[in-house]
Enquirer: 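Can you read through this structure? Questions will come right after.
Each chain gets a letter, A, B and so on, in the order the sequences are listed, and its residues count up from 1.
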Protein chains: 2
Amino acid sequence: MKMPLAKSEKPASTRDRILDTAEEVFMALGYEGASMRLITGDAGVNLAAVNYHFGGKEALFHAVLRRRLDGLNQERLRVLDELEIKANGAPLKASQIVDAFFGTLLRMANKHGKGGQTFLRLIGRTQTEPGEFIRTVLAEEFADVLERYKQALFRALPDVPKEEIVWRFHFMLGATSYAIAGTDTLRLVTDWETGEPDNDIEQLLPRLMSFLLGGLRAPLPEPSRKTPPQRRKKS
Amino acid sequence: MKMPLAKSEKPASTRDRILDTAEEVFMALGYEGASMRLITGDAGVNLAAVNYHFGGKEALFHAVLRRRLDGLNQERLRVLDELEIKANGAPLKASQIVDAFFGTLLRMANKHGKGGQTFLRLIGRTQTEPGEFIRTVLAEEFADVLERYKQALFRALPDVPKEEIVWRFHFMLGATSYAIAGTDTLRLVTDWETGEPDNDIEQLLPRLMSFLLGGLRAPLPEPSRKTPPQRRKKS
DNA sequence: GGAAAAATAAAACGAACGTTTGAATGATAA
DNA sequence: TTATCATTCAAACGTTCGTTTTATTTTTCC
């Protein structure tokens, strides 16, 4: 029988076991580095199961990303909606927007426990993965959310040129992605005799927030050139 | 004959052709994604040449990184020395330090023309590569420089707790690495009807600088907890 | 010149990859 | 029960991987 399963039971269907394991393995080894034999082996399922349930390695990766990104981005939109309703037409504060975007990410990751943090590091990694289709997946997944938040920031910071805001959004994504993906280089910078990065998220969030907001609201670079370079003809 | 070759000639020894090509291919496909057959093929040399001249794929990657990283980090140390001599014992300004570290990176990359920018994106990529040895290489290569700059920042910002500076250094690395590695996500954020990212570096530097300094000097996060969590026992 | 060393070339190695196949097994419904 | 469907499984497919081997060519040095 295909019982819906009361909430906390865990026979863990083959499909779900693959997803969970794949998430971890992709995170640890990257897309290219993770082999289907390793994933299916760790998950305790047959090698062919991935192709049966998902259609292939790419599709599996796609599914892994989607499973959590959907929830995350829905939540991001929900929080933004809520803020805008409360504001009743007035522009939001930049700090609210930044928190709604990046704070939601970190808090959701923390909520799901180990799995959430694994995923957090995965998408940090994924941002710089070279594969063509990976970037496509991310682009599709993020397009709506980014647009909404971009617009919100435009309204929140009317004095900052839109182009500059876009750049700074990009920088914020980088700082966050990096802060999440690897404690690698940080471990190199500091002496680390304090805790493991596992529950560092609670420490990380306020620190990251201060940094991001400081950068976002920084004084503009001196406009060294009047014209925003010469506009190039569209190819 | 093994003539030293007047400066601008370019028979390009097998070794150098491999290095140049490998740099591009690694950048485009990542370490795992780049195959020796592709590299040697593009370089127009025999497949076995890499193993002959470098010893293997890992050693080749190592050599690619070292070739430019050595110069970069030497220059970074030189610039910092120069600043500190001029300051005559007084602490430097944070903006000077940030420019010496990140500005030097971007300027050097710009100097070497196409090759430099390729390399810039490569190290941006490399920061999140999963392979074990890759992180080792980067750690060795950067250790000295990071330590020097860290100390300089400590002196420049005596009011900011050292721990906080380390974190923010990490965030700055992330923002920069990301800004460099992929215009990928940015291309997704903006509408891009302006120029290609090729010569964007001149635009990028002042923008990035403002952002980094804004973040670095941002007001501290409220110390929500007095004790810096409880110190965990060292395992 | 010719011997020694360095460099290039072609071919093959074994291992690992993602995917496919076809039979065995389990559950579902008439 | 029997027919039907979905799932699991072991085995093999054909490629591609990094590396090694063997032979040939080129350079270096006496």
Enquirer: B:N51 CG to D:dT19 C1': how many Å, rounded?
Expert: 5 Å
Enquirer: Whole Å only: how far is the CZ atom of B:F61 from the C1' atom of D:dC17?
Expert: 17 Å
Enquirer: Can you name the side-chain hydrogen bond (donor to acceptor under 3.5 Å, both in side chains) partners of B:N73, sequence neighbours left out?
Expert: B:R76
Enquirer: Of all residues at least two apart in sequence or in a different chain, which pass the salt bridge (Lys or Arg N to Asp or Glu O under 4.0 Å) check with A:D81?
Expert: A:R148
Enquirer: Only counting residues at least two apart or in another chain, list the ones meeting salt bridge (Lys or Arg N to Asp or Glu O under 4.0 Å) with B:R67.
Expert: B:D20, B:E23
Enquirer: Apply side chain to side chain contact (heavy atoms under 4.5 Å, CB included) to A:D144 and list each qualifying residue two or more places apart in sequence or on a separate chain.
Expert: none
Enquirer: Within this structure, what is the CG-CZ distance for the pair A:L208 and B:R168, rounded to the nearest 0.5 Å?
Expert: 10.5 Å
Enquirer: For A:Y149, check ring-ring contact (aromatic ring centres under 6.0 Å, His included) against everything at least two apart and list the hits.
Expert: A:F101
Enquirer: Taking only N/O atoms, report every protein-nucleotides 14-17 of chain C pair under 3.5 Å with atom names and distance.
Expert:
| residue | atom | partner | partner atom | Å |
| --- | --- | --- | --- | --- |
| C:dC17 | OP1 | A:S35 | OG | 3.2 |

Enquirer: Please write out the pairs of protein N or O atoms and N or O atoms of nucleotides 8-10 of chain D separated by less than 3.5 Å, giving the distance to one decimal.
Expert:
| residue | atom | partner | partner atom | Å |
| --- | --- | --- | --- | --- |
| D:dT8 | OP1 | A:T14 | OG1 | 2.4 |
| D:dT8 | OP2 | A:H53 | NE2 | 2.6 |
| D:dA10 | N7 | A:N46 | ND2 | 3.4 |

Enquirer: Can you pull out every salt bridge (charged side-chain N to carboxylate O under 4.0 Å, His left out) where at least one residue sits in residues 33-57 of chain B? Sequence neighbours excluded, please.
Expert: none
Enquirer: Listed by chain and number, what are the side-chain hydrogen bond (donor to acceptor under 3.5 Å, both in side chains) partners of B:E75, not counting sequence neighbours?
Expert: B:R78
Enquirer: Just the rounded figure in Å: distance from P of C:dG18 to CD1 of A:I18.
Expert: 14 Å
